[in-house]
Structure formats: structure tokens, C-alpha cells
Amino acid sequence: MADSKREIERKYEATTATRLPDLSRVAGVFAVAHLGVAELDAVYYDTEDLRLAADSLTLRRRTGGGDAGWHLKFPVASGIRDELREPLSDTLPRSFAGLLRSRVRDRALVPVVRLLSARDVHHLLDADGALLAEISVDRVRAERLTGGGATAAWTEIEAELADDGDPAFLDAVEHRLGKAGIRPSASPSKLARALAETAPERSTSPADRPRPRTAGDHVLAYVRHQAEAIVALDPAVRRDLPDSVHQMRVATRRLRSVLRTYRKILDRGVTDPVGDELKWLAAELGIDRDQEVLDARLRARLDGLPRTLVLGPVRGRLRIWSVARRNGSRRRTVAVLDGKRYLALLESLDTLLAAPPLLPAASRAPGRALPRAVRKEYRRLAARVGHALELPPGHDRDVALHEARKAAKRARYAAEAARPALGRPAKRFANRMKAVQSLLGDHQDSVVAREALRTLAVQAHAAGEPSFTWGVLHGREAAAAEARERELPEVWERASRAKLRAALGG
């Protein structure tokens, strides 16, 4: 796995005549060490259509300075990026190829820009000699390696926070630079500036997309947002970042749901096969995620028991059972993301967005077409909740409540897609549907937990261990499920108020 660090930096405009002010006057700085000038030679790679740059990703091979090698940067927030590093080599590191696969796919990565920089480096140190920040004055010459070979040159100042430093320190540095007339740069990175200043012609960026006006525009905007989320989360899943699998699965489910809900706007003859593949992907992502949720629930229940009720090697058995179920799940998830079927799904989403299969209803005003779809999903949910509440407690009711949960999720996602057009009523409706979904989700988690606890009790009994504790936990889960069922009528009453539906035209 590549080395990784969180990079927090700010860039400022400068000229060849710009001089740094006395930075020893910044609060907390005890000394300023001048390290001299380093010569850096970096070649930046991208696809011919600049897919990485479009998502603010940076891939470069750099020589010179103290960190020669391959660098891959992912945006986190304004001025914050995760930088991954691999040693210098002639070819793209395999780990980077995997992290870029969702964006690059079968496109070639080619050199697009070369930056030659003379970096004059200063270190701001505290009283103990520890690094607070690195300040550099960079004189840059950029050469476009595609599209005519245009060049550009500029000077900039870069302030990079030391590892684990307080971001507020950069505010103090910026204040001092501002007093010297040095202003923040309008460009987020050297690569962005180089591409802009050497571009043969102005390219279209996401900001240039027209604002949604019709019902079809709004649905496509939501589809595009979720498709982009899947692609963006792919590297995070490969890096095993917290909650990444869950978020990617949610984006997949949202996308599938909206394709099913708005079938009067997008031709289901085209979208249904895509939806089938999204269902497959969500199921694959869910293998590890569902076990993770179940593990956390069972551990929390066990931690909540008095010691006198914990008999036998309960924690050890739970740990062994969990490891056995999760063994290899991460490798399987990465294998899915490396597979042809997943990459074909991403291509099909690109095709759908490039040539959307719009039906006549797509051209209508969003205030007419979108509420109709939301109300249809509400009616489906109302029927399922009503059916579940009519059943006596037991297996059939559990199944019916699980089906109602799925319907609540679809109603919520339908309203979320309509929110940019319908505003606050859609937001409130989505929130109420989320409340129903959450309650029913907790109920379903209890159903799954009880099945797992029964299995653990059987295994413990067969091994000659006490099964008492598993029975206690099973009883507590049953009580939790009953509580959720008692709460459902009140939660549903709030979610189904006629006034709320009327705000959506129902």
C-alpha cells in the first residue's frame, strides 16, 4: 500500500519581485530556517479528455527535492488533499492504477503537462525546533505536452502545514502575508493553472452545465450526482477508508431507486438493465457492510449486559464467528471493483447520461411530473405499512415490515431527487420518510440479529458451552423489535399527514 499523508496547504499570487515578509513575527514562530532552492521536474498524467483533472485529481511523476517519486492526490476539502506516494519508477505503480480505474477504465494515461519549478524553501519552527509549516516561493514554467505544446510561467507562494499541525496556524501566516500585500491565488493547484493557461481552447467544466429546468433535467441531475458519487467513492473503498463501502452502497441504491421511480421520464427499456446491474453491485457491497453492522450491534448488546449475565466464552465465540464470516470479504469487494462487470456498469451509466432515454413527460415542468412520481411511491409505502400493521406479530409481519422499509427508502429517494425543484415540501417529506425508514431499519436489524444469536446459541451448545447469554440477548432483541412495532403507528401518522402530502400537490 502506498504511503499516505493529509496535505493542508494554501497558495498565493506572487511575482518575480515578490519577497517574503518577516515570518518570525507570526505568533508561535521562534525561528525561520532557509533551506535554499530545490529544482523540481514533474510530469503530470491524465487521459486525453482530462478525466482526472475534471475531478480535481492529480497524478504526477516528480524528480528533484526530498520526495521524488509518484504522487497521487485526492481532494478532501478546499485546500486539503490526501497525497499518496510511491517510489520513483518508469511505469505507473500498480496501486495507483487500481485507485484510478473507476475514472480511467480502458483509457490510456498520457503525459499532459510538465512543470519545472525552482522552489525556494523556508521552514517555520517553534521554540523546540519542531516544524510548524513550510513556506516556499515557486518559480514555475509549465509546458503543455498535448494540444500544441503551449507554455506558461508564473511565480507563487505556497504555505503547507506540518503533519498534525493546527490549521489555524495557516490563518496567522495568511494574515502576515496579507499585510505584505500578498493575496490568495485564484487557482487551486499548479496543475489547474497550467491546464488553464496552456489550453488550446476553453473546455467545458461541470460548472458550465445548464441549470435544470424540466422534469427530465432534474432527474438526470440526480442520476449524474449519484453516478459521480459511485466513481468518486471507488478509491476510498479500495483504501478501506471509514464508511466508504456504506456510502458507495447508498449511492448505488439511490441511483437504482430513482431509475425505477421516474420510469415515466426515463425509458425503462434502457434503464431496467442498468438497474439490474446496480442491484448486483449493491448486493456485493452489502456482504461486508451487513456483517459489519451486525457485529457492531451484537457487541453493543453484549457490552450492555451485567457481568452476572455473561456466562462462558461469549466474546471469544462472537469474535471467531465474526472473523469466519468476514474472512476474505474485503478481497472480494476489491475483486468486484476490478472486474469487467463493474467497469461495464460504469460505462453504461456514462452512456445513459450522454444520451438519456427521455420520454415525453421529461419535457414537462418539474412541478407537475415530479410530485406525481413521489405520490406514487407514497401510495406504495402506505399500502405496505397498512398490510404489515394488520398482521399478527411473527414471521409474516417481519417480512411485511421489511418490504415496507424498502418502500420507505424509495419514497425518500424520490423526494430527494425532486427537492431541487420542489424545495422545502420535498425536504420535509423526505425527512419524514427517513424517520419511517430508520424505524423499520432498526426492526429489520433486530430480525437479523435474532437469527444470528440463535445460530451462535446452537454452536455454543454443540461445543459444550453455556447458551444462556445468547438467549438473554435474543430476548432483548425481541423486546427491541416489539418496541419498534409499537412506535410505528405514531411515526407513520406523522409521516402520512394530509397537509404534508398536499404540499407536494397530493
Side-chain angles (χ1 to χ4, degrees), residues 1-9 11 35-48 50-53 55-76 80-123 131 133-146 149 151-154 156 158-164 188-195 198 234-236 238-241 334 338:
M1 180 62 69
D3 293 334
S4 176
K5 64 167 291 187
R6 177 63 54 87
E7 179 184 81
I8 302 176
E9 65 179 20
K11 297 181 181 296
L35 276 65
V37 177
E39 299 293 335
L40 309 177
D41 186 346
V43 175
Y44 291 77
Y45 290 77
D46 207 332
T47 59
E48 289 189 357
L50 301 179
R51 291 187 166 210
L52 303 186
D55 287 342
S56 300
L57 270 67
T58 299
L59 172 65
R60 72 185 178 205
R61 181 183 184 276
R62 189 163 78 181
T63 58
D67 61 348
W70 287 89
H71 302 162
L72 176 58
K73 300 185 181 185
F74 290 95
V76 176
I80 304 176
R81 294 186 291 182
D82 279 344
E83 180 179 279
L84 282 65
R85 298 178 180 178
E86 288 280 17
L88 198 62
S89 63
D90 292 334
T91 58
L92 178 68
R94 184 176 179 181
S95 64
F96 284 7
L99 293 172
L100 296 172
R101 187 166 287 116
S102 65
R103 290 176 170 87
V104 174
R105 298 171 212 171
D106 60 352
R107 281 74 171 176
L109 285 168
V110 298
V112 293
V113 168
R114 184 183 187 189
L115 295 183
L116 300 174
S117 303
R119 169 165 290 182
D120 193 9
V121 181
H122 299 75
H123 280 182
L131 180 65
E134 179 176 287
I135 311 298
S136 63
V137 180
D138 296 340
R139 292 176 172 80
V140 184
R141 184 180 185 277
E143 178 186 1
R144 188 74 168 234
L145 302 178
T146 59
T151 62
W154 69 89
E156 68 178 35
E158 182 176 291
E160 181 175 348
L161 190 67
D163 293 346
D164 301 320
S189 68
K190 289 183 176 65
L191 176 61
R193 183 166 184 170
L195 289 173
T198 64
D234 177 299
R238 294 173 186 271
R239 294 169 62 196
D240 202 21
L241 296 184
V334 174
D338 282 339

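Keep in mind that the numbers below use all heavy atoms, side chains included, and drop hydrogens, waters and symmetry copies. Computed from a predicted model, the values in this text were never measured in an experiment. Positions are given from 1, in the same order as the sequence printed here.
Atoms CG and CZ, on Leu145 and Arg114 in that order, are 8.0 Å from each other to the nearest 0.5 Å. In this structure, OG in Ser89 is found 13.5 Å from CZ in Arg94, a value given to the nearest 0.5 Å. Note that CG of Leu59 is 12.0 Å distant from CZ of Arg103, once rounded to the nearest 0.5 Å. Separating the CD1 atom in Ile135 from the CG atom in Leu35 is a distance of 12.0 Å, to the nearest 0.5 Å. Rounded to the nearest 0.5 Å, atoms CD (Glu39) and CZ (Arg119) are 11.5 Å apart. In this structure, CG on Leu109 lies 7.0 Å from OG1 on Thr47, to the nearest 0.5 angstrom.
Taking the charged nitrogens against the carboxylate oxygens, Glu160 and Lys5 do have a contact shorter than 4.0 Å, which makes a salt bridge. Taking 4.0 Å as the cut-off between side-chain N and carboxylate O, Asp138 and Lys11 do not count as a salt-bridged pair. Using a cut-off of 4.0 Å between Lys/Arg side-chain N and Asp/Glu carboxylate O, Arg61 and Asp90 are scored as salt-bridged. Classification of Arg238 and Asp234 as a salt-bridged pair holds, one side-chain N sitting under 4.0 Å from a carboxylate O.
Between Leu116 and Asp41, some side-chain heavy-atom pair lies under the 4.5 Å cut-off. At least one side-chain heavy atom of Leu57 sits less than 4.5 Å from a side-chain heavy atom of Pro75.
Remark: Thr198 pairs with Arg144 by the side-chain hydrogen bond (donor to acceptor under 3.5 Å, both in side chains) rule, at least two apart or across chains. With sequence neighbours left out, Tyr45 forms a ring-ring contact (aromatic ring centres under 6.0 Å, His included) with Trp70. Residues satisfying the side chain to side chain contact (heavy atoms under 4.5 Å, CB included) criterion with Thr58, sequence neighbours excluded, are Tyr44, Lys73, Arg81, Leu191. Remark: His122 engages His34 in a ring-ring contact (aromatic ring centres under 6.0 Å, His included) (not counting sequence neighbours). By the side chain to side chain contact (heavy atoms under 4.5 Å, CB included) test, Ile80 pairs with Arg6, Ile8, Val76, Ala77, sequence neighbours left out. Residues satisfying the side chain to side chain contact (heavy atoms under 4.5 Å, CB included) test with Pro188, not counting sequence neighbours, are Ala192.
Scanning all heavy atoms of the two residues, the minimum distance from Pro111 to Thr146 falls at O-CG2, 3.6 Å. Heavy-atom minimum distance, Arg239 versus Phe74: NH1-CD1, 4.1 Å. The two atoms that bring Leu115 and Ala142 nearest to each other are CD2-CB, 3.3 Å, heavy atoms only. Here the closest non-hydrogen pair linking Ser102 and Pro235 is OG-CD, 4.2 Å.
Between the Asp46 side chain and the Ala53 main chain, a donor and an acceptor come within less than 3.5 Å of each other.
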request  = Check the pair Val104 / Leu52 against side-chain contact (heavy atoms from CB on, under 4.5 Å), numbers first and verdict last.
outcome  = CA-CA 8 Å; Val104 174; Leu52 303 186; 4.1 Å; yes
